[in-house]
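Only one structure is covered here, and it is reproduced in the block below.
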Protein chains: 2
Amino acid sequence: MQTSPAITTKCVDCAIRHRAVCSRCGGDELARLEEIKYYRRYNSGETITIAGETMDFVGSIISGVATLTQTMEDGRTQMVGLLLPSDFVGRPGRSSAVYDVVAVSDVVMCCFRRIPFENLLGATPAVAGRLLEMTLDELDSAREWMLVLGRKTAREKIASLLVIIARRAGSPCTESSPGNIWFNLPLTRDAMSDYLGLTLETVSRQMSALRRDGVIRLEGNRHVVIPDMRRLMEEAGDDADGGLPG
Amino acid sequence: MQTSPAITTKCVDCAIRHRAVCSRCGGDELARLEEIKYYRRYNSGETITIAGETMDFVGSIISGVATLTQTMEDGRTQMVGLLLPSDFVGRPGRSSAVYDVVAVSDVVMCCFRRIPFENLLGATPAVAGRLLEMTLDELDSAREWMLVLGRKTAREKIASLLVIIARRAGSPCTESSPGNIWFNLPLTRDAMSDYLGLTLETVSRQMSALRRDGVIRLEGNRHVVIPDMRRLMEEAGDDADGGLPG
DNA sequence: CGGGTCGTTGACTGACTTCAACATAAGTGG
DNA sequence: CCACTTATGTTGAAGTCAGTCAACGACCCG
């Protein structure tokens with residue numbers, strides 16, 4: 001981890017300005033956040049927090065991807081959160097981390113020392129309210145994921161993960177047919193298996209099966225193209241509409 | 001569901017006063033809550049909310065147990081929350097329910113109409129702050145449950161559920177050896193299977209196995225005695241200490 | 001070239017599910 | 001009081017989906 005005095009972006013110009021914990025702040029409140037914020041960079045693979053250790057800061061992911069995982073004594077691990085830009089890391093009111101947080105790509109974070117941030121929470125309803133809203137959203141995601149873990153087949157699990165990533169990180173294809181969506185998978189097969197409660201072999205097999213069946217196209221191991229979002233959502237067992245236009 | 005003008009408990013005397021969303025309120029703030037609150041009763045088996053339908057109130061469970069479940073189109077269901085006294089139901093800022101909430105015993109709730117409660121949230125930091133804290137706790141529980149669903153064996157799942165219920169609803173045995181803990185299971189085998197992502201047959205088999213191995217004692221189908229909490233926690237794969245003294 | 005990481009595929013195994021029969025208890029109405 | 005129904009729980013036998021173990025391929029970097 002490196003503190004980087006080099007980065008001095010103003011909050012107003014920040015890429016996550018409209019989605020992060022600061023999104024409801026007006027000029028005054030933003031100024032107060034600007035005073036106590038600082039940036040940190042992590043290289044891919046670097047640990048951000050370790051379960052059980054002191055955590056004296058909280059913050060937002062500005063760019064990159066990190067994972068939140070829980071590990072049992074015998075080594076079994078379960079990912080319990082996937083942190084993308086604008087997501088919040090850390091828990092106000094608690095001094096030690098409960099989960100391992102690891103950067104799975106190069107990550108830049110906007111950090112606040114925990115105690116000053118907690119004080120600011122009490123004084124700034126715009127921040128407290130937005131944090132409540134984000135936490136409620138996280139809770140909904142966690143509950144949706146409980147359905148995936150508890151009741152879906154391996155194939156449905158893979159499809160569900162691809163839907164979630166496509167929703168948050170996918171881009172419409174520019175050249176090919178306009179309905180297409182693509183993204184670069186931010187996770188290794190092993191990380192995917194940790195997310196889905198599967199083994200990496202099963203992940204690999206089901207990725208191959210979805211490719212064989214034309215549900216996805218793989219260009220290299222990480223580049224995923226989704227020719228028909230609706231089809232993928234059916235494979236995920238989410239027949240509810242509301243996906244990206246396809 | 002019956003509205004009951006009969007119940008007119010003052011907030012000060014409420015059984016969940018010190019744990020619910022109102023727990024940080026002082027006299028003034030409590031008075032404001034008292035103005036807009038009303039009680040509702042549900043009989044065991046009654047539906048409190050249906051996913052997708054309008055939900056114009058939020059509130060706290062005062063007594064009884066309710067479940068929060070998600071259902072797929074083909075009927076597979078996953079419980080995503082177990083609501084015990086002091087737990088909060090509903091989401092401020094959203095007008096329709098996302099989950100089915102069902103009373104699994106007779107339930108009494110302390111309700112607030114949603115809009116007035118949302119207004120009060122903005123004006124009462126004691127309530128907003130406590131709701132944030134409770135939501136963060138719920139998120140931690142949900143993440144712990146993701147580990148159970150994704151990585152634990154059937155036997156560990158059952159043990160984990162029993163640990164959670166014992167923690168929140170267990171009583172130390174008065175007559176028998178003081179280390180003992182007992183409780184009445186609030187869930188049928190079928191509801192347990194929905195919680196754990198198993199079939200009810202597997203739940204039944206593993207309950208029998210834990211009984212045969214002396215980890216639990218069953219007196220009737222619902223009354224569970226835990227002779228050694230530490231042993232049960234080992235069976236759950238939670239070797240971390242911090243349980244009740246045993 | 002060798003060593004490391006990451007990914008794929010095959011053969012076999014096993015934990016949990018599925019299907020089915022049966023047990024127990026409570027409620028209803030004759 | 002008893003036959004009948006319904007809800008709940010237990011147990012057995014057979015089937016299957018995903019895990020385990022193992023070999024191999026692609027790629028990168030020193």
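Below, read A as the first sequence line, B as the second, and so on, with proteins coming before strands; counting in each chain starts at 1. This is a predicted model, so every value here is computed, not measured.
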Residues forming a ring pair (Phe, Tyr, Trp, His ring centres under 6.0 Å) with F88(A), sequence neighbours excluded: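 With neighbours one apart ignored, the set is F117(A).
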
Using side-chain hydrogen bond (donor to acceptor under 3.5 Å, both in side chains) as the criterion, point out the one residue from E138(A), Q70(A), Q78(A) that pairs with R143(B).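 For R143(B), the side-chain hydrogen bond (donor to acceptor under 3.5 Å, both in side chains) test succeeds with only one of E138(A), Q70(A), Q78(A), which is E138(A).
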
Considering only NZ, NE, NH1 and NH2 on the basic side and carboxylate oxygens on the acidic side, decide whether R94(A) and D137(B) come within less than 4.0 Å.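 Salt bridge: no.
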
N-O pairing of D238(A) and K152(A) below 4.0 Å: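 A salt bridge is present here (some side-chain N lies under 4.0 Å from a carboxylate O).
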
Listed nucleotide nearest any side-chain atom of E201(B), set dA20(C), dT9(C), dG9(D):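 Within the option list, the nearest is dA20(C).
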
Given dG7(C), dC16(C), dG12(D), the nucleotide with the shortest approach to the side chain of R205(B): dG12(D)

Donor-acceptor contact below 3.5 Å, side chain D100(B) vs main chain V102(B): no

Test item: R41(A) and I62(A) side chains (from C-beta on) under 4.5 Å apart, heavy atoms: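 They are not in contact (no side-chain heavy atoms under 4.5 Å apart), so the answer is no.
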
Between [N] atom [atom2] and [X] atom [atom1], what is the distance in whole Å?
{"X": "R76(B)", "N": "dT17(C)", "atom1": "CZ", "atom2": "C1'", "result": "13 Å"}
{"X": "L218(A)", "N": "dG7(C)", "atom1": "CG", "atom2": "P", "result": "11 Å"}
{"X": "R211(A)", "N": "dG7(C)", "atom1": "CZ", "atom2": "P", "result": "14 Å"}
{"X": "K152(B)", "N": "dC16(C)", "atom1": "NZ", "atom2": "P", "result": "14 Å"}
{"X": "R151(A)", "N": "dA18(D)", "atom1": "CZ", "atom2": "P", "result": "14 Å"}
{"X": "I158(B)", "N": "dC16(C)", "atom1": "CD1", "atom2": "P", "result": "10 Å"}
{"X": "N221(B)", "N": "dA23(C)", "atom1": "CG", "atom2": "P", "result": "16 Å"}
{"X": "E219(B)", "N": "dG9(D)", "atom1": "CD", "atom2": "P", "result": "17 Å"}

Distance below 4.0 Å between T202(B) side-chain N/O and dA15(C) OP1 or OP2: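 T202(B) to dA15(C) OP1/OP2: no side-chain N or O under 4.0 Å.
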
Looking only at heavy atoms, which two atoms of F112(B) and G59(B) are closest? And how far apart? CD1-CA, 4.3 Å

Listed in order of residue number, which residues of residues 184-200 of chain A have a non-hydrogen atom at under 4.0 Å from DNA chain C?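 Those residues are T188(A), R189(A), L200(A).
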
Just to be sure I understand the rule, does S208(B) reach a base, reach only the sugar-phosphate, or reach nothing, if contact means heavy atoms closer than 4.0 Å?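 Sugar-phosphate contact only - S208(B) comes under 4.0 Å of backbone atoms but never of a base.
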
Under 4.0 Å, heavy atoms only, any strand: does R222(B) hit a base, just the sugar-phosphate, or nothing? sugar-phosphate

